[in-house]
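Just so you know, ligand 1 is whichever comes first in the structure, and atom 1 is the first atom listed for that ligand. All values below come from the heavy atoms of this structure, side chains included, with hydrogens, waters and symmetry mates left out.
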Amino acid sequence: MTTELTHYIDGQHVKGGSGRFSDVMNPATGEVQGRVPLASVDEMNEAIARAAEAQKAWGATNPQRRARVMMKFGQLINEHMDELAELVSREHGKTLPDGRGDVQRGLEVVEVCMGAPHMLKGEFTDDGGPGIDLYSMRQPLGVVAGITPFNFPAMIPLWKMAPALVSGNAMILKPSERCPSTSLRLAELLKEAGLPDGVLQVVNGDKEAVDAILDNETIAAVGFVGSTPIAQYIYGRAASNGKRAQCFGGAKNHMIIMPDADLDKAADALVGAGYGAAGERCMAISVAVPVGEETADKLRDKLVPRIEKLRVGPYTSEDEVDYGPVITAAAKERIERLIGSGVDEGADLVIDGRGFSLQGYEDGYFVGPSFFDHVKPEMEIYREEIFGPVLSQVRAGTYEEALKLTMDNPYGNGTAIYTADGDTARDFAHRVNVGMVGINFPIPVPLSYHTFGGWKKSAFGDLNQYGPDAFRFYTKTKTVTARWFSGIKEGGEFNFKAMD
Ligand code: NAD
């Protein structure tokens with residue numbers, strides 16, 4: 001049975017009117033399980049216009065009241081945790097514990113937004129001059145947009161909507177057309193939590209809908225997460241249309257393993273960070289960089305049995321599984337092609353995950369785990385973000401060589417070092433040109449009261465996602481300089497001439 005999906009506009013499910021749809025697949029079976037409408041330019045413009053109307057009252061609502069909506073929303077997310085995780089897994093294919101993690105990491109940002117009044121309060125200078133006070137306030141931008149990827153159907157929409165809404169904006173959320181259902185359900189829960197109709201509009205679509213957002217004059221800011229080429233495109237078009245934009249892109253995350261590292265712990269971490277969620281995480285480790293031939297040989301010996309033990313299957317499996325299918329048939333095909341290119345270019349394919357088939361799920365998009373050793377930086381498997389269950393080992397002779405490799409990589413989302421030496425760890429954290437660094441920690445996604453963001457080609461624009469940066473991104477600062485003459489004492493008028 002296929003589900004007919006909708007948009008969520010003015011607090012209601014609305015059928016698509018463009019006549020264009022996209023199939024929502026079940027990645028475990030390869031079957032169509034739903035149809036999502038793709039909005040036309042007119043549909044998008046209409047949703048934006050109505051959001052602008054709704055924003056007026058919402059923006060004028062005091063921050064504490066807006067924060068109370070977040071409190072109720074957080075409570076509802078908790079109550080519906082299993083249902084939301086199931087929605088995530090059904091369309092994405094990730095395991096249920098991973099689906100729950102997806103919701104949980106989003107919920108943590110909602111929790112920070114419960115304290116938004118503190119983040120939104122301005123600054124004050126008393127007696128900046130005779131009778132003069134200065135104060136600044138953070139005001140909402142108006143209508144903002146969130147454009148999100150398939151790989152975290154709950155977490156990233158929540159990272160976008162919670163800070164944007166609690167800051168007094170209305171939001172147009174354009175989720176991935178491959179996994180749209182979680183966003184639609186979250187919009188229903190927000191309504192139940194007390195969000196006025198029209199303040200969050202979930203408008204489904206593809207490039208046409210995105211371009212309509214980028215060209216619409218009412219949209220004040222765009223928060224994007226997805227692949228690097230699209231991030232760069234969206235940043236350019238949004239910025240040239242005068243919008244504030246922060247666009248987060250792809251990654252190629254390296255983990256350096258020093259000779260003094262606990263190699264069992266490093267191997268465990270690499271298997272979790274490399275293959276979890278089928279490698280479809282922007283913070284996945286896809287490159288292991290052991291320092292020294294001996295470290296590399298030992299690490300390989302520890303990795304191989306662990307990788308061979310990985311269990312791959314659908315999220316509905318009664319047996320425990322480590323990861324599920326990749327998102328589409330095209331993704332599977334691309335990953336397998338890239339593995340082939342690694343072989344052609346001379347890398348040592350120690351474990352080959354191609355041609356993986358699961359009884360009863362022969363048409364699912366499953367890819368077995370692959371492990372390459374002796375990968376060189378010029379190879380395609382090193383240069384491309386594979387976004388699949390493939391780990392490459394690049395051997396480095398020295399720490400400096402491993403650091404240089406990490407720094408020369410065009411991406412800069414996350415990185416990690418495994419070592420027992422504090423000086424090396426500290427040196428790495430200081431010098432590496434990557435936004436998020438783990439020390440004996442493989443996936444250093446910062447907690448929700450810090451902020452998340454990569455460097456180099458992993459992010460375009462300014463400020464990070466969630467935490468204090470999100471409140472800066474979703475508000476504009478106005479500074480008032482006020483003079484009250486009763487405060488000026490006799491002869492106390494500031495003599496500006498004296499400053500010349
Ligand atoms: P994607 O770039 O294909 O799609 C992201 C969004 O952009 C979707 O909503 C999609 O509909 C839209 N889109 C796609 N093509 C477009 C086009 N030509 N014009 C306008 N809009 C377009 O990304 P994806 O495959 O959904 O997600 C995976 C990517 O996201 C990976 O590269 C991953 O590393 C990255 N990612 C980055 C972060 C981060 O914070 N840096 C987090 C998660 C995922």
Side-chain angles (χ1 to χ4, degrees), residues 20 22 24-25 27 36-39 41 44 91-94 102 105-106 109 145-160 172-180 182-183 202-215 222-238 245-253 277-286 326-328 330-332 334-335 384-388 410-415 434-436 443-446 451-461 463-467 469-470:
R20 293 198 309 126
S22 178
V24 178
M25 309 303 291
V36 64
L38 303 175
V41 175
M44 181 58 84
E91 290 180 351
H92 177 284
K94 61 177 76 174
D102 194 325
R105 294 312 294 251
V109 169
I147 302 164
T148 57
F150 80 84
N151 68 326
F152 282 99
M155 181 182 86
I156 295 180
L158 285 166
W159 286 5
K160 298 286 165 215
I172 303 293
L173 178 67
K174 207 301 286 170
S176 168
E177 59 276 42
R178 297 170 200 159
C179 303
T182 314
S183 289
V202 181
V203 186
N204 285 302
D206 57 2
K207 181 172 167 52
E208 183 172 334
V210 171
D211 287 347
I213 289 173
L214 301 177
D215 294 341
V222 177
F224 170 87
V225 181
S227 58
T228 286
I230 309 298
Q232 196 159 6
Y233 161 71
I234 288 181
Y235 178 68
R237 190 150 167 176
Q246 53 171 203
C247 300
F248 298 92
K252 193 82 184 177
N253 304 317
E280 289 176 327
R281 290 181 181 140
C282 68
M283 289 292 278
I285 295 285
S286 48
V326 297
I327 188 68
T328 55
K332 177 179 159 99
R334 176 178 171 274
I335 293 163
E384 285 286 315
E385 179 187 36
I386 300 177
F387 224 53
Y411 295 105
N413 216 36
T415 187
V434 172
M436 292 170 283
I443 304 194
V445 174
T451 70
F452 181 108
W455 288 12
K456 299 185 275 182
K457 286 203 178 298
S458 295
F460 302 86
L463 297 172
N464 282 353
Q465 308 192 78
Y466 66 74
D469 271 15

Ligand 1 contacted by [X] (non-hydrogen, < 4.0 Å):
X	value
Met283	no
Ile327	no
Gln465	yes
Gly249	yes
Phe152	no

Quick check: does any side chain N or O of Lys174 sit under 3.5 Å from a backbone N or O of Gly205, one acting as donor and the other as acceptor? yes
At under 4.0 Å between heavy atoms, which part of Asn151 makes contact with ligand 1: side chain, backbone, both or neither?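 Side chain only; the backbone of Asn151 stays clear of ligand 1.
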Taking 4.0 Å as the limit for heavy-atom contacts, which would you say applies to Ile147 with ligand 1: side chain only, backbone only, both, or neither?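 Looking at Ile147 and ligand 1, just side chain atoms fall under 4.0 Å.
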Not counting sequence neighbours, which residues clear side chain to side chain contact (heavy atoms under 4.5 Å, CB included) with Glu385? List them please.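 Per chain and number, Glu385 pairs via side chain to side chain contact (heavy atoms under 4.5 Å, CB included) with Ala251, Phe387, Tyr411.
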Nearest 0.5 Å, please: how far is CE in Met44 from CG in Leu214?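 Between Leu214 CG and Met44 CE, I get 9.5 Å after rounding to 0.5 Å.
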Sequence-distant partners of Phe452, ring pair (Phe, Tyr, Trp, His ring centres under 6.0 Å), two or more places apart: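 Listed in chain order: Trp159.
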Less than 6.0 angstrom from the centroid, inside 45 degrees of the normal: does Lys94 satisfy that with respect to the ring of Phe152? yes
Heavy-atom side-chain contact between Pro180 and Glu91 under 4.5 Å: yes
Suppose we measure from atom 24 (P) of ligand 1 to each protein heavy atom; which comes out shortest, and what is that distance? Phe150 CD2, 3.6 Å
Among all protein heavy atoms, pick the one closest to atom 2 (O) of ligand 1 and tell me residue, atom and distance. Ser227 OG, 2.6 Å
Output the list of atoms in ligand 1 that are nearer than 4.0 Å to some heavy atom of Ile156, sorted by atom number.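 Here the atoms of ligand 1 in question are 42 (C), 43 (C).
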Passing option when Lys252 is tested against Thr228, Ile285, Ile386, Asn413 for side-chain contact (heavy atoms from CB on, under 4.5 Å): Ile386
On a heavy-atom basis, I'd like to know which of Phe387, Tyr233, Phe224 is closest to atom 33 (C) of ligand 1.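 Selected option, by shortest heavy-atom distance: Phe387.
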